Trainee: 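Structure in C-alpha cells, see below.
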Amino acid sequence: MGTVLLLCLLFWASPCSPTIPLYLGGFFPLHLQYMAQLLDSANLAVEHVNDNDDVLFDYELILLFNNTQLLLLLLLLLLLLLFMQGTTGVAMDALFYQLFNPPTKIMFVGPMMSSNAEVTAELTGLWNIVQVSYAGSAPSLSNRVKYPYYFRTLPAMDGFNAAILAFIKTFNWYRIGIIYEPAEPYTSTIHDLLLRVSHANITIACIESIPDDPAQRIIHLKNKDARIIIGIFSPEMGANIFCEAYKHGIYGPKYVWIILGIFGPEWWIRDADLLDCTTDEMNAAVRGYFAISWATWSLDTGPTISGKGPVAFTEGGDRKGVLAIEQNIDSVEVEIGRYYADSDDIVWSFTADEIWQTHGGQPPADEDTTVTTVYHITVSTSASYIMSILSVCGVLTAMGFLVFNCTNRKKRVIKMSSPNINNVMVCGCVLTYSSVVCFVLDRGLLSRDGFLHVCRARPWILSLGFTLAYGAMFSKTWRVYTVFTNKTPKRKAVKDQQLFTMLAVMVAIDIAILVAWQLVHPLIIIETEVNTVVRETDDTVWNDVYIIQSCSTINSRNFIIVSYTYKGLLLIFGTFLTWQIRSVTIPGLNDSKYVGLSLYSVVIISVIGVPISLVLEENVNALSIIISAFILFCTTMTLLLVFVPKVMAVRRGDDGMGAAVNDASILDDETTQNSQRRVNTVATMTTE
C-alpha cells in the first residue's frame, strides 16, 4: 500500500504540474459501503475547491487517505494492542504513517469515530497541524487545551442539547425523564444536558443509567410517571430500550421520546434476531419518536457548490451548524423542523396538527394535569336566612319588653323589679340574639376578610351579652339576698348604683379576658380539609377538595377554658343566691323561681350542646344551626320568664306585694314582725 501511495505522490509532484500541491491526510472507514461514501464526498469537495480559482489560485489540494477501520493490519495491531484497545490503535497507526511518510501534510481530515479523533487530535496538536473532522461529535473534543488545532464540520453532540431544550420549551414541558448509556460520548452529553436543564428550571423526574439490561430502568421510568423521555444511547442499546418500553407500555400518545438521530435507517431492527420483540412490536414502540440530527443540506435558496452554505465555528472549534428535528413517521425519520443555534430558535416545516397526529392531535402533558377545585363547606343559605330572621324576631321581642319596662316604670310592680337593671338585662339579650347572626354568616355569604371580622366579633358579642343578661339578673337577686339575710333590724340599703358597679366589675373581667385573647393569640382563619374526591381521565386528575374554614388559634382553647370557667362561676353564684331567697314570695320583688328555671335551661342546653358540637365539628351546617338554636332558646326563655309575669301583673293591676315570707328559717328565727319590716325595706329601695 505504501508503494502505491509513493508512486501517486511522485506523479502529483512532477515538475510538469502547473499548480503547487497542498497535501491533506485523510482518515476514513472503508469497511462498510455506506461509510465508504464519506471518502467519495471528501474527494468531491476537493474537486470543487480545485475547480474554483477564486478559492486557491495556483494551488491544488491532494487528499491522501488511510483506512482507520482496516483490521487486517495484523502486525501493527498486535504491537499496539499491548497498550490500547479497539480501532484507536489503527487510527494512531494511520496518523503516524501520514506523519512520517512524505509528502508533508498541511492538514488532516477525519476520522469519523470520536474515540479515534481523541487520539489523533491530541497528537496533531503537538505537531501544530490543523485537523478537521467530518463526524467526531464527542463533547470532550471541544477542549482547546488538549485539542488546540481540532475542528469539526458538524456541531458537537452536546450541541444537540440546546435543540432538545428548545424543543422541550416550545411545548411547555417542565418535567422530563432521562435514560442514557454510560459510555462516551453519551456520558459527556448527559453532563452538559443536566447543566442546561438545571438552569432552565426543568424538573428531572427520573434519570437512569443503563450499563447492560434496560428492563429495570424502564420500570423506574414508568413508576416515576416520566412522560417526556430523553434518550442518549447507541443504536444497539436503543433497540433494547425500545423493546422494553414496548413491554411496559411506555410508548404511544401519552409519551414523547427524544433521541439522537444519527443511527441510520431502521436502526431499531438492524439486529432484530437479538431482540425479544417482533418487528411489528418494535415499529409500534418507535412510532412517533423525535430525533435530533445534523442538517446535511441547507434550505437556503442562494447558489452554493455543495448546498452547505456559510460555515462558522465556535471558540471551541465546534461547528455553528443547523440541527434537524426529525420524527419517526411510518418507520422513516422525516424532518419536521430545524434548530438554528445562532438564534436558539426552531423553524417548523410541519404544522402542529401534522406533528402530533400520532399523539391524538396535540402535544401530551409532561405529567397528569392536576385540577384542584376547592369547595368551602358552609352554612346553607336557607338556614342562614331562617336563623337570622329568628334572631331579628328575638331582638324585636327584647325591644318590646324594653319599651314595656320603660313605659310602666312608675307602676309599683315594675319599680319593685329594679327596672334599670331589667333594661341592662334586655340589652344583654339583644347582644346574644345578635351573636346568632355571627354564627350563621360564613364564607358562603362573606369574603375572607369579612368572615375573619365576623369570627373575631363572635366571642365579644356572645360573652358580653351573656354577662350583661345574667349578671343583671343575679345582681337583683343579690340585693334581695343581702336584705333578707341581714340579721340586724337596722335597714341595709342596696341601691341601683351598687348593682351597676357590680355589673361593671363583671363586664371588666370579661373585657380583660377578651383583650388578652385578642392581643396574645388573635383568632385567624384555619382551613381544615375534611374530604377529597379524586377523579381521573386520560391526562387529568380532578381533585375536589372540601374544606372547612373556622376561626381559631393554637392556644385559643386556653382562653376558651378561662372564659367558660368565669361564666360557670357566675352561674354557680347566681344559683346560690336564687336558692337562698327561694322563700321570699313578693311577686314583684323575687324572680328566684324564674331565674332558677332560666338557669336550669342554660345548664341543660350546655350539657347537651357541648358533646353535640364536638361530634358535629365537621358538619358546619348542622353545628351552626344547633348552636344558634340553643342561643335563641336560652335567651328567649330568660326574657319570657322574667317579663311575662310582669306583663300579666300589670294587666291584672297587681301592686307586686304578696305574702312576705313562707319559710322563717331564712330569717334566722326572727319574728314575723321583723320579717315584714325587711320586706317593706326592700320594697322601699326598689321604688326610690
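What you see is a predicted model; the values in this text were computed from it and never measured.
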Trainee: To the nearest 0.5 Å, what is the distance between CG on Leu431 and OG1 on Thr467?
Mentor: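 Leu431 atom CG to Thr467 atom OG1 measures 10.0 Å (nearest 0.5 Å).
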Trainee: Just wondering, are more than 12 heavy atoms of other shown residues or ligands nearer than 6.0 Å to NZ in Lys247?
Mentor: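 Yes, the 6.0 Å shell around NZ holds more than 12 heavy atoms from other groups.
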Trainee: Please round to the nearest 0.5 Å and tell me the distance separating atom OG of Ser391 and atom CG of Leu632.
Mentor: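 If we round to the nearest 0.5 Å, Ser391:OG and Leu632:CG are 6.0 Å apart.
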Trainee: Examine distances only and state if a side-chain atom of Ser463 and a backbone atom of Trp460 form a donor-acceptor pair shorter than 3.5 Å.
Mentor: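 Pair absent, no side-chain N/O of Ser463 close to backbone of Trp460.
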Trainee: Determine the minimum heavy-atom distance between Val454 and Cys438, stating which atoms define it.
Mentor: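 Shortest heavy-atom contact: CG1-O, 3.4 Å.
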Trainee: Working to the nearest 0.5 Å, report the span between CH2 of Trp257 and CD1 of Ile229.
Mentor: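 Rounded to the nearest 0.5 Å, the CH2-CD1 separation comes to 4.0 Å.
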Trainee: Determine yes or no for a side-chain-to-main-chain donor-acceptor pair under 3.5 angstrom, with Lys222 supplying the side chain and Ile218 the backbone.
Mentor: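 Not confirmed, Lys222 side chain does not pair with Ile218 backbone.
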Trainee: Taking the six-membered ring for Trp, are Phe466 and Tyr470 closer than 6.0 Å centroid to centroid?
Mentor: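 Between Phe466 and Tyr470, the centre distance is under 6.0 Å.
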Trainee: Indicate yes or no: does Arg227 engage Glu367 in a salt bridge with an N to O separation below 4.0 Å.
Mentor: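 Answer for the salt bridge query: no.
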Trainee: Within this structure, what is the CD1-CD1 distance for the pair Ile176 and Ile204, rounded to the nearest 0.5 Å?
Mentor: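 The CD1 atom of Ile176 sits 5.0 Å away from the CD1 atom of Ile204.
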Trainee: Kindly give the heavy-atom pair with the smallest separation between Glu244 and Ala215, and that separation in Å.
Mentor: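 Closest heavy-atom pair between Glu244 and Ala215: OE1-CB, 3.5 Å.
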Trainee: Does the side chain of Asn543 come within less than 4.5 Å of Thr373's, by heavy atoms?
Mentor: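 Thr373 does not reach Asn543 side chain to side chain.
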Trainee: Nearest 0.5 Å, please: how far is NE2 in His248 from CZ in Arg217?
Mentor: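 Answer for the CZ-NE2 pair, Arg217 versus His248, is 13.0 Å.
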Trainee: Hey, does Ile511 have a side-chain heavy atom less than 4.5 Å from the side chain of Leu464?
Mentor: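 Side chain of Leu464 against side chain of Ile511, heavy atoms only: contact under 4.5 Å found.
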Trainee: At their closest point, which heavy atom of Tyr566 faces which heavy atom of Met506, and how far apart are they?
Mentor: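 Where Tyr566 meets Met506 most closely, the heavy atoms are OH-O, 2.8 Å.
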Trainee: Rounded to the nearest 0.5 Å, how far apart are CD1 of Ile513 and CD1 of Ile560?
Mentor: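 Ile513 CD1 to Ile560 CD1: 12.0 Å, rounded to 0.5 Å.
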Trainee: Answer whether the closest heavy-atom distance between the side chains of Val620 and Val379 falls below 4.5 Å.
Mentor: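 Side-chain contact under 4.5 Å: yes.
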Trainee: Looking at Ala398 and Val426, what are the two nearest heavy atoms and their distance?
Mentor: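 Closest pair (atom of Ala398, atom of Val426, distance): O-CG1, 3.2 Å.
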Trainee: For Ile421 and Ala472, which heavy atoms make the closest approach, and how far apart are they?
Mentor: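 Ile421 and Ala472 have their closest heavy atoms at CG2-O, 3.2 Å.
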Trainee: Under the ring-ring contact (aromatic ring centres under 6.0 Å, His included) rule, what pairs show up with a residue in residues 391-450, not counting sequence neighbours?
Mentor: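 Passing the test, one end in residues 391-450: Phe401-Phe643.
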Trainee: Which heavy atom of Pro364 sits nearest to which heavy atom of Pro253, and what is that distance?
Mentor: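 That closest heavy-atom pairing would be CB-O, 3.5 Å.
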Trainee: Looking only at the aromatic ring of each residue, does the gap between the centers of Phe171 and Trp356 stay below 6.0 angstrom?
Mentor: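 Between Trp356 and Phe171, the centre distance is under 6.0 Å.
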Trainee: Taking Ile561's backbone N and O only, do any of them form a donor-acceptor pair with Thr565's side chain (distance below 3.5 Å, no angle check)?
Mentor: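 Flag set: sc Thr565 to bb Ile561 pair under 3.5 Å.
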Trainee: Does Leu165 reach the side chain of Ile202, with side-chain heavy atoms less than 4.5 Å apart?
Mentor: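 They are in contact (side-chain heavy atoms under 4.5 Å apart), so the answer is yes.
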Trainee: Using only atom types and a distance under 3.5 Å, with no angle test, would you say the side chain of Arg458 pairs donor to acceptor with the backbone of Val436?
Mentor: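 Pair absent, no side-chain N/O of Arg458 close to backbone of Val436.
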Trainee: Can you tell me which residue pairs pass the disulfide bond (SG atoms under 2.5 Å apart) test with a partner in residues 382-437, sequence neighbours excluded?
Mentor: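 Every pair satisfying disulfide bond (SG atoms under 2.5 Å apart) with a residue in residues 382-437: there are none.
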Trainee: Using a 4.5 Å cut-off on heavy atoms from C-beta on, say whether the side chain of Val440 contacts that of Ser388.
Mentor: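 The answer is yes; the side chains approach within 4.5 Å.
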Trainee: Examine distances only and state if a side-chain atom of Ser198 and a backbone atom of Leu195 form a donor-acceptor pair shorter than 3.5 Å.
Mentor: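 Looks like yes, one N/O pair under 3.5 Å.
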Trainee: Indicate yes or no: at least one non-hydrogen side-chain atom of Ile179 is less than 4.5 angstrom from one of Ile230.
Mentor: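 A side-chain contact under 4.5 Å is absent here.
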Trainee: Holding to side-chain contact (heavy atoms from CB on, under 4.5 Å), I want the full list of residues that pass it with Ala512, two or more places apart in sequence or in another chain.
Mentor: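 Listed in chain order: nothing, the list is empty.
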Trainee: Would a 4.5 Å heavy-atom cut-off, applied to side chains only, mark Leu468 and Met425 as touching?
Mentor: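 The answer is no, as the side chains (C-beta and beyond) never meet within the 4.5 Å cut-off.
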Trainee: Does Asp366 reach the main-chain N or O of Ile228 with its side chain, forming a donor-acceptor pair under 3.5 Å?
Mentor: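 No, because the side chain of Asp366 does not come within donor-acceptor range (under 3.5 Å) of the backbone of Ile228.
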